Amino acid sequence: MQTYDIVAMGAGHNGLVAAAYLAKAGKKVLVLERKAYPGGGVSTRELNTPGYWHDEHSSVHIMIQGNPMLRHDELGLLSQHGLKYQYSPVPHATVFPDQSTLFTYKDLDKTCECFARVSPKDAETYRGFVRMSQQVLQMFMPGLYAPPPPLGELVAMLDRSDEGRLMLDYMNRDCLDLVERLYENDKIKIHLLRLVSENLQCPNELGTGMGVLLMPGIIHTYGVSQPIGGSGKLTQALVRCLQHHGGELRCNAEVAQVLVSGGRASGVRLASGETIAAKDAVIGAIHPHVVRKFVQGVPEPVLQRAERATLAPFSIMVSHYDLKEPCRYHAGEEVGYATMLEFMATDRLDEMIADFDDIRRGLITDRRLCAGGDESIGDRTRVPAGAGMFHGITFAPYQVKDARWSGRHWDDIKEEIGDLSLAHYRRFVSNLTDDNIIARTIVSPVDLERSSPNSMMRGDLHGVAPYFYQSAGHRPTPDLGQYTVPGVERLYLAGPFQHPGGGVYGAGRATAIKMFEALGMDFDAMAAGVRHDGGVPATTAAASAPGPTDGLVLRGAADEELMRVEALERVGDELVIKGKSFGTMPLQARLDAAGARAGLKLLGWKKLAFLATLPFRSGKSRGP
């Protein structure tokens with residue numbers, strides 16, 4: 001039996017990210033993939049004709065741009081392993097039936113100029129809203145790439161400030177309510193709501209409003225990107241990184257069971273019967289709905305709560321077209337450079353909301369909710385010289401209840417429904433014609449589930465629905481929200497169903513942080529290039545972790561722990577403070593000379609003298 005330090009089940013990008021960090025630290029890592037190729041939802045393949053490279057699932061990389069994995073190039077993906085991104089100046093556009101178009105540019109002024117042609121008032125509202133969004137983003141973004149606090153503690157933290165209460169307000173509302181309160185023009189409302197609905201959420205679902213608050217700030221701060229060569233180039237860079245550090249990838253290796261010994265994950269058994277041992281830990285891309293299938297020893301209440309995790313209310317149908325020449329748009333050439341491009345069948349908000357409601361009820365709407373574009377316009381490496389491609393996305397139900405297709409399976413009707421979407425696309429693309437189309441592939445919601453049966457349940461690409469009660473440390477459930485599985489030590493979860501959510505986040509970084517902590521390893525030192533060959537023996541990791549009375553603890557008025565300082569380090573002329581807030585959220589702060597002088601001024605000599613004597617005082621008095 002082969003033995004590794006870490007065995008990872010699933011080579012989706014989240015699992016690969018976690019595995020790459022462990023390999024960089026010097027661990028012996030094996031990643032196992034059921035399919036013949038890695039990537040999961042981040043893959044680019046020649047689906048129809050040689051030379052035409054289509055993104056199978058994800059295409060646009062938005063949230064990963066704020067991840068320290070890229071911003072600090074912690075894994076060398078950008079500097080060493082060939083990953084290159086392109087950033088369009090037009091992140092998002094919406095074309096309406098009359099071919100009028102609203103653009104969201106990376107440039108805020110240019111965006112507001114475009115909006116002002118429709119509504120000067122809404123343009124100014126948007127400008128102010130983006131500034132607020134960017135301020136909130138500074139507080140919110142760091143928590144997206146590290147283990148989250150429990151949801152209740154996050155709420156308590158947010159409820160301590162006006163800014164936090166604003167975030168809570170948005171988290172609990174629906175996007176439609178928020179947009180209706182802010183804007184007056186239906187086209188602008190539709191444009192903004194279609195952007196957040198890309199997260200597979202209906203505009204009028206409570207507990208989804210955070211997207212309205214965050215997305216404008218993200219677009220105008222980080223932009224919207226796509227890897228040159230296709231989404232799968234991120235996967236290729238991660239595999240190179242893994243292998244560069246001695247890790248291994250095996251495809252066509254389906255895991256049938258996580259092995260558990262003495263209440264601890266000890267390896268995996270493949271469908272072939274082969275067993276592979278894991279000395280330190282197992283990483284599992286295991287959707288909450290199938291934990292029971294893969295893992296024994298999990299308490300029954302945990303399994304039942306996992307199986308109740310709520311999925312998205314609808315899925316998507318994807319159309320991949322190989323074209324002889326690039327797409328031409330009735331609305332003009334600029335439209336083709338939009339990274340996210342919506343093709344609206346209506347310019348009335350009430351009609352769009354009715355269409356979302358119909359899809360949620362299982363109907364195939366006559367007014368299509370479609371997006372798409374020709375990715376080769378901005379990236380000529382995707383197609384042969386002079387050619388084009390079209391990547392179409394139609395929101396669709398997983399289970400069709402429409403009377404026109406009653407009793408028929410998606411396998412039987414997807415070409416017919418694909419033709420309905422093609423007719424809609426042709427209203428906007430002048431040369432999406434029979435004589436320009438070389439080949440096409442239609443992918444139904446059921447096909448998506450088949451592609452990733454342990455992740456994209458019922459065609460939900462994002463794992464579970466993005467509702468407030470399934471966020472932070474409660475995503476996908478309170479039991480599983482810390483990337484661990486109760487009853488089975490050293491089993492760690494990675495996938496779109498975990499915090500922070502679906503899409504391309506590089507969220508396996510948070511899984512890695514959790515694992516480093518359990519293994520007694522320094523994640524920050526590893527990110528800076530320090531290896532941990534041999535690490536800390538698993539038996540001593542728990543003993544080395546801070547106890548409930550260790551370290552510098554800052555407490556609130558109710559004696560609750562707000563922050564635990566675990567290390568104070570000098571880095572150059574700065575003091576670096578490392579610790580956790582609410583016991584789980586990693587926190588790192590820097591104090592420079594100016595900050596130290598300001599702190600001394602706030603203290604004054606009397607309080608400074610008191611601080612010097614504080615370690616020798618015994619009471620817990622809370623005087624004014």
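Here the structure is a predicted model, which means the values were calculated and not measured.
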Exercise. Under the criterion side-chain contact (heavy atoms from CB on, under 4.5 Å), which of T3, I6, V7 is the partner of K279?
Worked result: T3
Exercise. Should L214 and L137 be marked as a side chain to side chain contact (heavy atoms under 4.5 Å, CB included) after you check the CA-CA gap, both sets of side-chain angles, and the distance that decides it?
Worked result: CA-CA 7 Å; L214 291 181; L137 208 60; 3.8 Å; yes
Is there a side-chain contact between [X] and [Y] (heavy atoms, below 4.5 Å)?
{"X": "P227", "Y": "L83", "result": "yes"}
{"X": "C370", "Y": "Y425", "result": "yes"}
{"X": "L323", "Y": "L432", "result": "yes"}
{"X": "V17", "Y": "M69", "result": "yes"}
{"X": "F497", "Y": "M457", "result": "no"}
{"X": "F390", "Y": "S376", "result": "no"}
{"X": "D322", "Y": "R440", "result": "no"}
{"X": "H320", "Y": "Y52", "result": "no"}

State whether the side chain of [X] and the backbone N or O of [Y] hold a donor-acceptor pair below 3.5 Å, judged by distance alone.
{"X": "S315", "Y": "P445", "answer": "no"}
{"X": "K24", "Y": "A527", "answer": "yes"}
{"X": "E517", "Y": "A512", "answer": "no"}
{"X": "D5", "Y": "K27", "answer": "no"}
{"X": "D374", "Y": "G388", "answer": "no"}
{"X": "N199", "Y": "P466", "answer": "no"}
{"X": "E325", "Y": "A387", "answer": "no"}
{"X": "R34", "Y": "A11", "answer": "no"}
{"X": "E46", "Y": "G51", "answer": "yes"}

For this session: Can you measure from CG (L259) to CE (M1) and round to the nearest 0.5 angstrom?
Result: 8.0 Å
Problem set entry | Rounded distance [0.5 Å steps], CD in E449 versus OG in S455 | 10.5 Å
For this session: Give me the ring orientation class for H287 and H289: parallel if the planes are under 30° apart, tilted from 30 to 60°, perpendicular past 60°.
Result: perpendicular
Exercise. Taking the six-membered ring for Trp, are Y21 and F523 parallel (under 30°), tilted (30 to 60°) or perpendicular (over 60°)?
Worked result: tilted
Exercise. Does R382 pair with D55 as a salt bridge, N-O distance under 4.0 Å?
Worked result: yes
Taking everything shown except [X] itself, do over 12 heavy atoms lie less than 6.0 Å from its [atom1]?
{"X": "E489", "atom1": "CD", "result": "no"}
{"X": "R71", "atom1": "CZ", "result": "yes"}
{"X": "Q86", "atom1": "CD", "result": "yes"}

Exercise. When you check the side-chain N and O atoms of H13 and S58, is any donor under 3.5 Å from an acceptor?
Worked result: no
Problem set entry | Summary of ring-ring contact (aromatic ring centres under 6.0 Å, His included) pairs that have at least one residue in residues 215-252, sequence neighbours excluded | H81-H244, Y126-H220
Problem set entry | For the student: nearest non-hydrogen atoms of C241 and L77, plus distance | CB-CD2, 4.0 Å
For this session: Kindly determine whether H61 and V42 satisfy side chain to side chain contact (heavy atoms under 4.5 Å, CB included), including the steps that lead there.
Result: CA-CA 10 Å; H61 294 193; V42 184; 4.2 Å; yes
